Protein chains: 2
Amino acid sequence: MQKNKSEKYNKILNSAGAVFAEYGFYKATISQIAAQAGVADGTLYLYFKNKDDILYQFISFKTIAVFKEMNAAVEKGGNAEEKLRHLIRCHLREFQNDKNMAIIFQSEVRYLRDIESQIKDISKMYLDLLSDIIEQGQIEGSMRQDLFVGLVKRYILGAVEGVISTWVSADGRYDLVSMADPLVDLYLTGVRG
Amino acid sequence: MQKNKSEKYNKILNSAGAVFAEYGFYKATISQIAAQAGVADGTLYLYFKNKDDILYQFISFKTIAVFKEMNAAVEKGGNAEEKLRHLIRCHLREFQNDKNMAIIFQSEVRYLRDIESQIKDISKMYLDLLSDIIEQGQIEGSMRQDLFVGLVKRYILGAVEGVISTWVSADGRYDLVSMADPLVDLYLTGVRG
DNA sequence: AATTTAAATGAATTATAATTCATTATCTAA
DNA sequence: TTAGATAATGAATTATAATTCATTTAAATT
């Protein structure tokens with residue numbers, strides 16, 4: 001197994017992403033991934049410990065990249081509402097731009113203990129971002145004082161994920177990012193007439 | 001394979017639910033399920049076509065039962081808000097009462113084509129229930145006219161699922177049903193101060 | 001250009017677990 | 001009580017696919 005992230009390493013990782021997304025981790029085979037990457041089966045083992053490791057590396061890599069984007073997005077907003085809009089837009093944009101990642105995050109989360117804790121980490125970081133935003137909103141007076149923050153943040157994340165999940169089911173046939181503002185409006189003002 | 005749903009059939013199905021929930025469909029083995037049910041491996045094949053069929057039957061059975069409950073719950077409410085509260089309470093109650101089902105619905109959804117379409121069906125039925133409620137709310141004037149119903153219903157379902165998912169991650173250590181009213185309040189009035 | 005080193009190959013091996021089925025146990029009814 | 005029918009067993013078989021590694025190919029070095 002090599003140390004530096006060569007071109008071939010990335011080729012394999014991307015191919016794996018495509019194959020995992022299409023067939024799911026368990027039904028995907030090493031041979032499929034190798035074929036997709038245009039290398040021999042054995043070659044995968046020069047770059048990765050085993051099949052699990054491929055998924056692990058894939059998720060690690062994507063997690064770090066996405067989270068960096070999200071942090072930057074939040075920074076761009078001044079008040080709580082702006083920050084929330086930037087975060088949700090960024091979330092939808094990143095997932096729209098990488099459907100394989102969206103599918104894999106959605107469905108392969110529970111299989112490897114390592115990954116599970118990784119995902120818990122990113123989920124926690126995300127929820128912490130939301131906590132900060134909500135608390136800022138409460139200080140600014142733009143969000144209610146009586147909110148149960150623990151519930152609100154899960155509710156916000158759940159709803160975004162639901163919207164992404166629907167988009168994936170629809171095979172990514174519509175623009176996901178344009179859902180951001182209507183979604184945030186729902187968070188803010190609810191459905192009541 | 002037997003026709004009538006004997007006691008043993010149910011024993012195996014429940015055991016499978018427990019094992020699938022703990023290990024995931026792919027890591028779960030026939031031997032584990034058989035051991036859990038207190039029968040020999042071969043016995044499973046007297047009651048089910050194969051491993052896939054066990055998951056399929058499990059989800060079918062649960063889906064029908066839960067959906068029946070949800071329909072009944074909605075019927076109990078008069079106006080849209082009541083119906084929504086009953087639905088969400090029922091949803092949380094049913095999943096809280098059957099954690100294995102909650103885990104399996106959450107994570108095994110994408111593996112069998114048959115199941116996928118089954119799940120799409122129940123998800124569609126659920127979303128239709130929500131559509132009806134929202135439309136009724138708009139007629140009553142208790143919900144805004146300008147709502148994008150397609151988004152709102154996914155948003156509601158996503159948020160409930162998110163809350164359930166968090167509860168599962170926390171190993172079911174708190175009362176899920178008590179989240180229903182705060183959750184509905186968020187749907188209705190949002191977070192704005 | 002020859003030699004050494006590194007990378008890649010893919011057929012053979014290994015591991016795992018689903019499924020089968022010959023055998024055994026249990027039940028039913030005459 | 002026993003013959004026949006039905007149900008259950010679990011070791012042997014089969015299927016699948018991950019992983020290895022002896023061999024080949026390519027790259028680097030002198």
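First the proteins, then the strands, lettered A, B, ... as listed; each starts at 1. Model, not experiment: these values are computed from the prediction.
- We find that CZ of Phe48(B) is positioned 15 Å from C1' of dA8(D), with the value rounded to whole Å.
- In this structure, the side-chain contact (heavy atoms from CB on, under 4.5 Å) partners of Tyr174(B), at least two apart in sequence or on a different chain, are Thr166(B), Trp167(B), Ala170(B), Met179(B).
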Each nucleotide of nucleotides 9-26 of chain C classed B (base within 4.0 Å of a protein heavy atom), S (only sugar-phosphate) or -, in 5' to 3' order, makes BB------SSBB------
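- Residues passing the side-chain contact (heavy atoms from CB on, under 4.5 Å) test with Asn97(B), sequence neighbours excluded: Arg93(B).
- Aromatic pair Tyr26(A)/Phe20(A): centroids not less than 6.0 angstrom apart.
- Applying the salt bridge (charged side-chain N to carboxylate O under 4.0 Å, His left out) test to every pair with at least one member in residues 176-190 of chain A, sequence neighbours left out, gives these pairs: Arg85(A)-Asp181(A), Arg85(A)-Asp185(A), Arg89(A)-Asp181(A).
- Legend: residues meeting side-chain contact (heavy atoms from CB on, under 4.5 Å) with Gln138(A), ordered by chain and number and at least two apart, are Ile134(A), Glu135(A), Met143(A), Gln145(A), Leu147(A), Val149(A).
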Show me the donor-acceptor pairs within less than 3.5 Å that the side chains of residues 32-44 of chain A make with the rest of the protein, sequence neighbours left out.
| from | atom 1 | to | atom 2 | distance (Å) |
| --- | --- | --- | --- | --- |
| Gln32(A) | OE1 | Thr29(A) | N | 2.9 |
| Asp41(A) | OD2 | Ser31(A) | OG | 2.7 |
| Thr43(A) | OG1 | Ala40(A) | O | 3.4 |

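- Sorted by first and then second residue, the ring pair (Phe, Tyr, Trp, His ring centres under 6.0 Å) pairs with a member in residues 70-107 of chain B read His91(B)-Phe95(B), His91(B)-Tyr126(B), Phe95(B)-Phe105(B); sequence neighbours excluded.
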Nucleotide N/O of nucleotides 23-29 of chain D paired with protein N/O under 3.5 Å:
none

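- In this structure Gln106(B) satisfies the side-chain contact (heavy atoms from CB on, under 4.5 Å) test together with Ser165(B), Val168(B), sequence neighbours excluded.
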